[in-house]
Amino acid sequence: MAEQEQKTEAAEEEVKKNSQAEENPEAEMEEALGENGEGEEETSEAEDEIEEAPEGEDAKTWAEKRAAKKQAKQDKKTQVFKEQIEQLEDKVKRQLAEFENFRNRSEKEKLAMFETGAKSVIEKMLPVVDNFERGLGMVPEDKKEDPFVDGMNRIYKQMLTELENIGVKPIEALGQEFDPNLHNAVMQVESEEYESGVVAQELQKGYTYRESVVRHSMVAVVV
């Protein structure tokens, strides 16, 4: 009987608690919130412990250390940004240098192509100049004043003037020391007038274009 009465009392107590919870649910929520609030207070206290100076250390010294640490982090970021900027500047300078080299190389190639084309045209014109010189050289003295001969001579001089204006000049050969860069020796001769190794005869006139040889002078050199 005693055991039965204890069970009955326990059941009535449980029913009573459930009834109180249903009648006052706010009290139960406040109790739960009170437990969570204690946890939040503990977290806040832990954060305060992080922000506050450790025990036994002066607050000013601790603040200076924190400021120095923060400044060190900032300096590290600044150094990283500075290195990135230097890398970008170096990259830009390299690209500008490469572009400048490309432009200079293009200009040289363009100039070389132009000079090659000009030399090709000049080489084709030189035989015409040679024919003028041969023809005028065969005119007798008493015919040199004829209008036709005078006209041909004027055309010849005009051609030489135009060639000189674009940079074409005749190579000096007669009486000059033989230079393989300018002269083409096709024969050797004896001479009392010139020393050995000197050009005694000019068989065909040579020309240069802007310091570059278009055609070597064909010469005879003293033995």
Is the side chain of [X] donor-acceptor paired with the backbone N or O of [Y] at a distance under 3.5 Å, no angle test?
| X | Y | result |
| --- | --- | --- |
| N153 | V149 | no |
| H216 | N181 | yes |
| D90 | E86 | no |
| S120 | T116 | no |
| S196 | V223 | yes |
| H183 | A220 | no |

### Query
Stepwise, does the side-chain contact (heavy atoms from CB on, under 4.5 Å) test hold for Y207 with L126?
CA-CA 9 Å; Y207 292 88; L126 292 180; 3.5 Å; yes

### Message
I'd like to know if the side chain of Q71 pairs up with that of D75 as donor and acceptor (distance under 3.5 Å, no hydrogens or angles considered).
### Response
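Indeed, the side chains of Q71 and D75 share at least one donor-acceptor pair under 3.5 Å.
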
### Query
If you count the non-hydrogen atoms of other residues, nucleotides and ligands that lie under 6.0 Å from CD in Q95, is the total more than 12?
yes

Spacing of [X] atom [atom1] and [Y] atom [atom2] [to the nearest 0.5 Å]:
| X | Y | atom1 | atom2 | result |
| --- | --- | --- | --- | --- |
| E164 | I166 | CD | CD1 | 10.5 Å |
| L160 | E133 | CG | CD | 6.5 Å |
| D130 | R215 | CG | CZ | 4.0 Å |

